[in-house]
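As the structure is a computational prediction, the values presented were derived from the model and not from experiment.
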Amino acid sequence: MDDAHRHYGGTNPIPQPGPAEPSSLVRPYAVTGGRTAPRLQLAMEALVSSVTSTHQDLSTLTPERQAIITLCRQIRSVAEVSAMLRIPLGVTRVVISDMAAEGLVHVHQPQLEAGKPDLNLLERVLSGLRRL
């Protein structure tokens, strides 16, 4: 299991706060600095890839950013990053958007032509449905 999964739970259950531990509701607020909207609009299917190399020192980054960089050494969608790190999607969008602005990750947005559906894709779907 890699460090990102181990740090954020992976397949292990999420630890529940005990009486002396702070509520987990504060954590997402602190991670995003109180912001709820990302700097750039990120579709949940947008792909993210790390710009940093494996030997680059990440110790100055927050644990969330370190985990995202580690995970995105393989291209992942925003939704995958959110699910794998067990971070809410809105928080993940804000953090990835900030990281993209700082040049730590590349974001590959889906190309949608002004909301028009891809006719080639629709024809293939229709053809597949007819074969059923």
Side-chain angles (χ1 to χ4, degrees):
M1 185 182 295
D2 62 20
D3 289 337
H5 283 97
R6 188 174 15 264
H7 181 70
Y8 286 96
T11 57
N12 298 331
I14 299 174
Q16 297 300 317
E21 295 179 35
S23 170
S24 64
L25 295 177
V26 175
R27 183 85 175 130
Y29 179 85
V31 169
T32 63
R35 291 178 298 119
T36 58
R39 294 179 184 182
L40 62 108
Q41 292 304 312
L42 289 176
M44 66 181 190
E45 66 272 13
L47 300 176
V48 183
S49 61
S50 177
V51 176
T52 62
S53 63
T54 54
H55 60 277
Q56 189 170 356
D57 180 29
L58 304 177
S59 64
T60 60
L61 301 175
T62 64
E64 293 79 15
R65 289 176 178 229
Q66 289 177 17
I68 289 170
I69 287 173
T70 301
L71 278 177
C72 293
R73 288 198 174 117
Q74 296 179 4
I75 295 177
R76 309 240 186 226
S77 72
V78 174
E80 279 182 288
V81 172
S82 175
M84 293 176 90
L85 297 182
R86 295 184 176 189
I87 300 174
L89 184 59
V91 173
T92 304
R93 283 180 168 152
V94 171
V95 174
I96 288 175
S97 173
D98 290 349
M99 291 175 71
E102 294 168 18
L104 296 172
V105 296
H106 284 299
V107 176
H108 312 277
Q109 294 275 29
Q111 297 298 317
L112 301 176
E113 298 175 3
K116 296 179 183 176
D118 180 9
L119 290 179
N120 186 26
L121 174 64
L122 291 176
E123 288 173 0
R124 290 192 329 232
V125 169
L126 182 59
S127 173
L129 289 172
R130 286 183 179 148
R131 280 184 274 179
L132 292 175

Quiz item: Rounded to the nearest 0.5 Å, how far apart are OG1 of Thr62 and CE of Met99?
Solution: 7.5 Å
Exercise. Measure the spacing between CG of Leu89 and CG of Leu42 and express it to the nearest 0.5 Å.
Key: 9.0 Å
Quiz prompt | Nearest-0.5 Å distance, CD1 of residue Ile69 to CD of residue Gln66 | solution = 8.0 Å
Quiz item: Which atom pair, heavy atoms only, marks the closest approach of Ser82 to Pro88?
Solution: OG-C, 3.6 Å
Quiz prompt | Under 3.5 Å donor-acceptor, Gln109 side chain and Gln41 backbone | solution = yes
Quiz item: Pick one: which of Arg73, His106, Arg76, His108 meets side-chain hydrogen bond (donor to acceptor under 3.5 Å, both in side chains) with Ser49?
Solution: His108
Exercise. Give the C-alpha distance, both sets of side-chain angles, the deciding distance and a yes or no for side chain to side chain contact (heavy atoms under 4.5 Å, CB included) between Arg65 and Glu102.
Key: CA-CA 12 Å; Arg65 289 176 178 229; Glu102 294 168 18; 2.6 Å; yes
Quiz item: Where do Ala46 and Val107 come nearest, in terms of heavy atoms and distance?
Solution: CB-CG1, 4.2 Å
Exercise. Please report the shortest heavy-atom distance between Ala43 and Arg93, naming the atom on each side.
Key: C-NH2, 4.0 Å
Exercise. Specify the closest pair of heavy atoms between Ser50 and Val105, including all atoms of both residues, with the distance to one decimal.
Key: CA-CG1, 4.3 Å
Practice problem: Taking all non-hydrogen atoms of both residues into account, name the closest pair between Val78 and Thr92 and its distance. | Solution: O-CG2, 3.9 Å
Self-check item: Met44 with Val95, same ILVMFWY side-chain cluster at under 4.5 Å
Solution: yes
Quiz item: Can you name the closest pair of heavy atoms from Cys72 and Val81 and give their distance?
Solution: SG-CG2, 3.7 Å
Self-check item: Pair Leu104-Leu61, side chain to side chain contact (heavy atoms under 4.5 Å, CB included): steps then yes or no
Solution: CA-CA 11 Å; Leu104 296 172; Leu61 301 175; 4.2 Å; yes
